[in-house]
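First up is the structure itself, then whatever we jot down about it.
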Amino acid sequence: MIEQPKMSALSEQVESMVEWLASHGGDGQGGVTRLLYDPSWRSAQKAIEAKMNELGLLPRYDDVGNLFGRLAGRDPQADVVLTGSHVDTVTGGGKYDGAYGIVAGLIAVDYLKTHYGPPLKPIEVVSLCEEEGSRFPLTYWGSGSITGAKNREAAVGVEDSAGVSLEEAMCEAGFGFGLHPRPERRDLECFIELHIEQGEVLERENKSIGLVSHIVGQRRYDITVYGESNHAGTTPMQWRRDALLTAAELIRVVINRAKADDEGLVATVGRMDVKPNVGNVIPREVTFSLDVRHGEAERIHAFCEECFREFEKLATEQGTNIEIHQWMDEPPVAMDRALGKTAEEIMEKEGVSFKKMTSGAGHDSQVFGTFCPTALLFVPSRGGISHSPAEFTKTEDLERGVRLLIDLLYKVAY
């Protein structure tokens, strides 16, 4: 096992760098907002670029704004070992989501360079331009552009809430003109992402590291129920075609079925639109969202089909009609077994407690995971809270994650 940095020095470095990056887009109340291509996003990328230079890494952007810091390898023919995460945040988000993976990568590569010199294989730390979909209705723009899952055509017509197109914002930030290399890469050996869990499993089970085996598949739907508007006082209950009543029954079906599932499936209804949305009028139309996630695509499919059969039956009984619009179908993605095994061996030798787990949240690793061998590692989140100023991970857990990353990068690249 390689020589490890002293815990006190590492803890100070991790804490200071997390705060340093949070100052770009910080609101003074603990929240951070860095939306794709906005001024805070630009400021953060410039600061990371400067930090890469300071640490002796060679920085470069690609043409969509992903930022890479390269530590050259001794083998000029070797593919790149890539680590990092996304620099963008949700509005008023926490300071660890995404940012921790970038900070951890910079610290780990700097430590390896200082103590062991150049690696055999080149290592790059990436600050991915976008993952959250917070400004534009398009997610994984950074990793998707690198892997070829996204391209400029995917951005055509995509606008933020102010009517600014993604293309316009990208050009205003200095990208998209062909002045930087094309984002597609064909030289990646693997991708390693260190991230906060954004859930409470590790904390509840008192584990230090989450070793992710799969990232769940997701299906998302908009479900619309059509009924008939009428007077709230003069229409007898038995003659109503109440769209909201039907929607409530459908939601009950989904949630009860998900609660009864013993294989870890989760289902969420988080948004509802009621028309005419007037207190003394029977609703004629209701649209609600449905988000279903599980580690096996077959289980998601079976669950949805079972629910939708019952939906049709309930709607018929209540004299209403339903329309189901599926707009996302992301299959589960497996992480690389060999990288996972290497991480597991490191933790067992170091006596670090860990849990093999499935990620219920989407990450850039799911995009890389179908493109190159990928590992996703979690550190605990206090109370499972994320996308909030209350997002927090203890310093010792941040340290432990960086130490694991140092060891793993050494094993893979040296």
Minimum heavy-atom separation for [X] to [Y], with atom names?
| X | Y | result |
| --- | --- | --- |
| L376 | H363 | CD2-CD2, 3.8 Å |
| I300 | L265 | CA-CD1, 4.4 Å |
| P276 | S229 | CD-OG, 3.5 Å |
| A108 | L409 | CB-CD1, 4.0 Å |
| A315 | I322 | CB-CG2, 3.9 Å |

Is any side-chain heavy atom of [Y] closer than 4.5 Å to one of [X]?
| X | Y | value |
| --- | --- | --- |
| L188 | F368 | yes |
| K207 | L202 | yes |
| P59 | L67 | yes |
| F308 | I223 | yes |

Side-chain polar contacts of residues 330-341 - donor-acceptor pairs under 3.5 angstrom, sequence neighbours left out - could you list them?
unit_1, atom_1, unit_2, atom_2, d
D336, OD2, A338, N, 3.3
D336, OD2, L339, N, 2.9

Return the orientation label for the H115 and Y111 ring planes: parallel under 30°, perpendicular over 60°, tilted otherwise.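 Taking Y111 first and then H115, their aromatic rings lie parallel (interplane angle under 30°).
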
Where does the angle between the aromatic ring planes of F288 and F311 fall among parallel (under 30°), tilted (30 to 60°) and perpendicular (over 60°)?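 Taking F311 first and then F288, their aromatic rings stand perpendicular (interplane angle over 60°).
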
How about H86 and H195: are their ring centroids closer than 6.0 Å?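 Between H86 and H195, the centre distance is under 6.0 Å.
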
When the aromatic ring centroids of Y96 and Y100 are compared, is their separation below 6.0 Å?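 So the answer is no for these two rings.
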
Lys NZ or Arg CZ of R185 over F68 ring: under 6.0 Å, within 45°: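 R185 over F68 ring: yes.
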
Answer yes if the side chains of S353 and S208 hold a donor-acceptor pair under 3.5 Å, and no otherwise.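 Judged by distance alone, the side chains do pair up.
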
Give the C-alpha distance, both sets of side-chain angles, the deciding distance and a yes or no for side-chain contact (heavy atoms from CB on, under 4.5 Å) between R257 and E310. CA-CA 11 Å; R257 280 186 174 273; E310 194 159 350; 3.0 Å; yes

Would you check if the side chain of T89 reaches a backbone N or O of V32 as a donor-acceptor pair within less than 3.5 Å?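 Indeed, once roles are kept as given, a pair shorter than 3.5 Å links the two residues.
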
Verify, without hydrogens or angle tests, whether E168 (side chain) and S165 (backbone) share a donor-acceptor contact under 3.5 angstrom.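 It does hold such a pair.
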
For K121, what residues pass the side-chain hydrogen bond (donor to acceptor under 3.5 Å, both in side chains) criterion, not counting sequence neighbours?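 K121 satisfies side-chain hydrogen bond (donor to acceptor under 3.5 Å, both in side chains) with E189 only.
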
Within 6.0 angstrom of K275 NZ, more than 12 heavy atoms from elsewhere: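 Atom NZ in K275 is not crowded, with 12 or fewer foreign heavy atoms closer than 6.0 Å.
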
Should we count CZ of R252 as having more than 12 external heavy atoms under 6.0 Å?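 Atom CZ in R252 is not packed in, count stays at 12 or less.
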
